[in-house]
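Have a look at the structure below before the remarks.
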Amino acid sequence: RVYSPDSLKPHQSSEDSSVLNSGAVENSSATGGSTLACSRMVEHERRRFSASELISRLQLSQRKNSFTLKLGKSLSARVASRDRQTSSNLSPSSDCKPLPHLPSSSPDNSTSRHCGSGGSSHSAPHSPVGPVPPLPTADNNTQQHRRSTGFAIKKSILYQEYSDVAINREIQRQQGEEPGAEEERLGVEGAGEAPSPSNLSPSSSFCSSRGSAFSLWQDIPDVQTSDQLDNFSNEERKLQEAKFELVTSEASYIRSLAIAVDHFMLSQELGECLGTQDRQWLFSKLPEVKDVSERFLQDLEHRLEEDILRFDVCDIVLAHCPALRRVYLPYVTNQAYQEQTYQRLLQENARFPGILARLEEDPICQRLPLASFLILPFQRITRLKMLVENILKRTTPGSRGEDTATKAFNELKKLIKECNSSVQSMKRMEELIHLNKKIHFEGKIFPLISQSRWLVKHGELLEVDTQTMSISGSKFKLPTRPVYLHLFNDCLLLSRRKDTWKFMVFVHAKIGQLKVKDLSQKLQGISGFIFHLQLCEGQQLKHQILLKAHTESGKQRWITAMFPSDPLEDIEQASENDDLSQVQCIKSYQAQEHDELTLEKADILQAKTITSDGWVEGIRLSDGERGWFPKTNVEEITNRSARLRNLRENIRIKCVTQKLEEELF
């Protein structure tokens, strides 16, 4: 079966006439014979599943249920208020006013207006407490639905908010005991009953900041009415919810990509003010990313159409990994040029800021800036790996599902690593070329630029002069002077500033010939955070220096940068029963210095060092990356069961991926 991009758009049938058949959203233009013909066609061919349409309809249904509940409460309150009124308050009014009424099948009731109490028997009763709002009709619903076309962009949640709320839910899960776990472990009465909606999904039933509820697999009518659902265990239900979240989040992602391409990139006004090269650097391969993602979603929807109850998605993810790599790798690699182009256009192109502001003010963007759309592919490929990881955690050990999920997870992990390496290599070489113009050596030739060299850390510290002392009152004072350090992965350079942007190196040594001693106790006459550094050449001491940092984190960060431990060894040595200190990212952080770690929300890290001035050195469990980050961006996981579960899940994923790699080699 061949699908066109148009088949991804929502069907424009009325809400009351829509039917979900085997997970497919049925499109009916419902008029007499056409309805009968349509129903006959359904008997021979099942309609394709549309995740975008399903989300829109489930959300609309939830809004209708909420409105009906509020209306019922309002009517009850009005009736109670009317009963409490005295007969004088119920006397006819001399004013002639049109009174609202409840919809009825009677033609008179649908159009009648009356003056005072002298209405006909078909008239609605007079309400002394004000007008009663009419219930929504099928025609109103149809008109409202038809106004929301093209993935229901104006009414639907965009990926930026969808992802943010889903990750917040994952944060809650990883910080506490998983919903339903206690009932399963204790075997309490009622544990065998169908679990509540809040216990089913990793991202469960939750709402966005605008109050729109996200859809669950269990909300699909064919799932709710299936006699097989009772045979699903709680863990099996959670597994299907995790798979369904991958599909619905992909649909939300494509809605946002459609805005980035159709609203921004294809804007005639914006295109006229951009040159061909600037347009290429700003939007890169965004249309190709959108096309590949649409084909990916089509295959996912087709899978749900085939079996809405026991569908799998990881084999589809695995099959699409080559296509994802083909478009994501160049897009991510272009990130540096994209950021530079965006900032340059804002500063140098007089027309660009105004045109961009008008485009961003359009309601279709839901108050989100262009930058939030351009960064979507970076966020999505990382999020996709996390979604597959959640599925892998819930598969049965040794099953075929675990094997497929492991392969998909491994391919996504390699893709992300390749993307990061590509971006890193470009930045590192540009940085070396830039530093080569600024760093000079006293009478020596030192080839700074090398493919295997990169900058690890740089900054200014104070050198404490122990040879010269001065006396101030009853205290000895040691003078200090600034010294600049450039630490590379293979050597350390110590220099003095010649001017603002140039450095003169006076000593250097290889990384393996450095020795550091932390002087934790204050030396007499010296305040601050001190450490002693020795630079050797072979077995001979080449140079030694006493260095002073302004903060505890400043000192610790330099020491750990010069003598890094292997983060993978730290994690691999941990067993399932080791209760290690864990923190979780609650606010994303972009690394500002080379020794810092970029964090995404929901990242779990083993905390190695916490300084008094609010910095943490940690190791991310998912990939073993180590670095520093502000304490304010993370939260300690205080629940011991949650810490052990997080470590257990991490160890299991590492075991299955290592087993796969061993089988391949």
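Computed from a predicted structure; not experimentally measured.
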Exam field: side chain Asp603 to backbone Cys585, donor-acceptor pair closer than 3.5 Å
no
Check ion pair Glu625-Arg620 (N to O, under 4.0 angstrom):
no
Considering all heavy atoms, the nearest Ser372-Ile375 contact
O-CG2, 3.5 Å
Distance-only, no hydrogens or angles: does the Thr404 side chain make a donor-acceptor pair with backbone N or O of Gly401 under 3.5 Å?
no
Gln582 side chain near Leu647 side chain, heavy-atom distance below 4.5 Å:
yes
Glu241 side chain to Trp217 backbone, donor-acceptor under 3.5 Å
yes
May I ask you to decide if Ser581's main-chain N or O and Arg643's side chain share a donor-acceptor pair within less than 3.5 Å?
no
Closest heavy-atom pair and its distance - Leu376, Ser256:
CD1-CB, 3.4 Å
Which is it for Leu370 and Glu360 under the side-chain contact (heavy atoms from CB on, under 4.5 Å) test, yes or no, and what are the steps along the way?
CA-CA 7 Å; Leu370 171 61; Glu360 291 176 344; 3.6 Å; yes
side-chain contact (heavy atoms from CB on, under 4.5 Å) assessment of Val313 paired with Val247
CA-CA 8 Å; Val313 295; Val247 181; 4.1 Å; yes
To the nearest 0.5 Å, what is the distance between CD (Gln584) and CD1 (Ile604)?
5.0 Å
NZ/NE/NH1/NH2 to OD/OE distance under 4.0 Å, Arg295 and Asp299
no
Taking all atoms of both residues into account, what is the closest heavy-atom pair of Val388 and Ala405, and its distance?
CG1-O, 3.7 Å
Is the number of heavy atoms from other residues, nucleotides or ligands under 6.0 Å of Tyr342 OH greater than 12?
yes
State whether the side chain of Asn646 and the backbone N or O of Ala642 hold a donor-acceptor pair below 3.5 Å, judged by distance alone.
yes
Would you say Lys427 and Gln424 are linked by a side-chain donor-acceptor pair, where the criterion is simply a distance under 3.5 Å?
no
If you look only at distance, which donor and acceptor atoms sit under 3.5 Å apart when one is on a side chain in residues 446-453 and the other is two or more places apart or in another chain?
| residue | atom | partner | partner atom | Å |
| --- | --- | --- | --- | --- |
| Ser450 | OG | Ser452 | N | 3.4 |
| Ser450 | OG | Ser452 | OG | 3.2 |
| Arg453 | NE | Asp490 | OD1 | 3.1 |
| Arg453 | NE | Asp490 | OD2 | 3.2 |
| Arg453 | NH1 | Pro447 | O | 2.9 |
| Arg453 | NH1 | Leu448 | O | 2.7 |
| Arg453 | NH2 | Asp490 | OD2 | 2.9 |

Looking just at side-chain N and O atoms, do Glu339 and Gln343 make a donor-acceptor pair shorter than 3.5 Å?
no
Working to the nearest 0.5 angstrom, can you tell me the gap between Glu250 CD and Arg255 CZ?
11.0 Å
Does the side chain of Asp362 come within less than 4.5 Å of His263's, by heavy atoms?
yes
Under a plain distance cut-off of 3.5 Å, with no hydrogens placed, do Ser553 and Asp613 share a side-chain donor-acceptor pair?
yes
What pair of heavy atoms forms the shortest contact from Ser249 to Leu387, and how long is it?
OG-CD1, 3.4 Å
Taking Gln592's backbone N and O only, do any of them form a donor-acceptor pair with Glu596's side chain (distance below 3.5 Å, no angle check)?
yes
Answer whether the closest heavy-atom distance between the side chains of Phe409 and Met386 falls below 4.5 Å.
no
Just checking, Arg303 and Phe311: is the charged tip under 6.0 Å from the six-membered ring centre and within 45° of the axis?
no
When you measure from the side chain of Asn349 to the backbone N and O of Phe352, does any donor-acceptor pair fall under 3.5 Å?
yes
Greater than 12 external heavy atoms within 6.0 Å of Lys385's NZ
yes
If you round to the nearest 0.5 Å, how far is CG of Leu435 from CG of Leu493?
9.5 Å
For residues 414-421, tabulate all N or O donor-acceptor pairs below 3.5 Å that involve a side-chain atom, not counting sequence neighbours.
| residue | atom | partner | partner atom | Å |
| --- | --- | --- | --- | --- |
| Lys414 | NZ | Glu411 | OE2 | 3.1 |
| Glu418 | OE1 | Arg325 | NE | 3.1 |
| Glu418 | OE2 | Arg325 | NE | 3.4 |
| Glu418 | OE2 | Arg325 | NH2 | 2.4 |
| Asn420 | ND2 | Ile416 | O | 3.4 |
| Ser421 | OG | Lys417 | O | 2.9 |

Side-chain touch Trp628/Leu597, heavy atoms, less than 4.5 angstrom:
no
Classify the ring geometry of His486 against His458: parallel below 30°, tilted from 30° to 60°, perpendicular beyond 60°.
parallel
Ring centroid separation Tyr484 to Phe503 under 6.0 Å
yes
Geometric class of the Trp615/Tyr589 ring pair [parallel <30°, tilted 30-60°, perpendicular >60°]:
perpendicular
Nearest heavy-atom approach of Gly624 to Ile619 is O-CG2, 3.7 Å
So do the side chains of Leu297 and Tyr253 get within less than 4.5 Å of each other, counting heavy atoms only?
no
Strictly distance-based, threshold 3.5 Å: is any side-chain N or O of Asn410 a donor or acceptor partner for the main-chain N or O of Thr657?
no
Taking atom types as modelled and ignoring hydrogens, do the side chains of Thr611 and Arg557 form a donor-acceptor contact shorter than 3.5 angstrom?
no
For a 4.5 angstrom cut-off between non-hydrogen side-chain atoms, does Asn633 reach Pro630?
yes
With side-chain contact (heavy atoms from CB on, under 4.5 Å) as the criterion, how do Val292 and Tyr328 come out once you've worked through the C-alpha distance, each side chain's angles and the decisive distance to 0.1 Å?
CA-CA 10 Å; Val292 167; Tyr328 275 94; 5.6 Å; no
Where do Ser588 and Leu599 land on the side-chain contact (heavy atoms from CB on, under 4.5 Å) test, with the steps shown first?
CA-CA 5 Å; Ser588 60; Leu599 300 182; 5.9 Å; no
If you look only at distance, which donor and acceptor atoms sit under 3.5 Å apart when one is on a side chain in residues 276-289 and the other is two or more places apart or in another chain?
| residue | atom | partner | partner atom | Å |
| --- | --- | --- | --- | --- |
| Asp278 | OD1 | Arg344 | NH2 | 2.6 |
| Arg279 | NH2 | Met265 | O | 3.4 |

Counting C-beta onward and ignoring hydrogens, is there a side-chain heavy-atom pair between Leu432 and Phe488 closer than 4.5 Å?
yes
Roughly how far, to the nearest 0.5 Å, is the CZ atom of Arg394 from the CG atom of Leu392?
11.5 Å
Distance (rounded to the nearest 0.5 Å) between Lys413 NZ and Thr406 OG1
11.0 Å
Nearest heavy-atom contact between Trp558 and Gly459 is CZ2-N, 3.7 Å
Is there a side-chain contact between Glu635 and Val583 (heavy atoms, below 4.5 Å)?
no
Flag yes if more than 12 heavy atoms outside Lys457 fall under 6.0 Å of its NZ atom; otherwise flag no.
yes
Are any of the side-chain nitrogens in Arg383 or Glu245 under 4.0 Å away from the carboxylate oxygens of its partner?
yes
Using modelled atom types only, decide if a donor and an acceptor are shared between the side chain of Ser399 and the backbone of Glu402 within a distance under 3.5 Å.
yes
When rounded to the nearest 0.5 angstrom, what distance separates CZ in Arg645 from CZ in Arg648?
7.5 Å
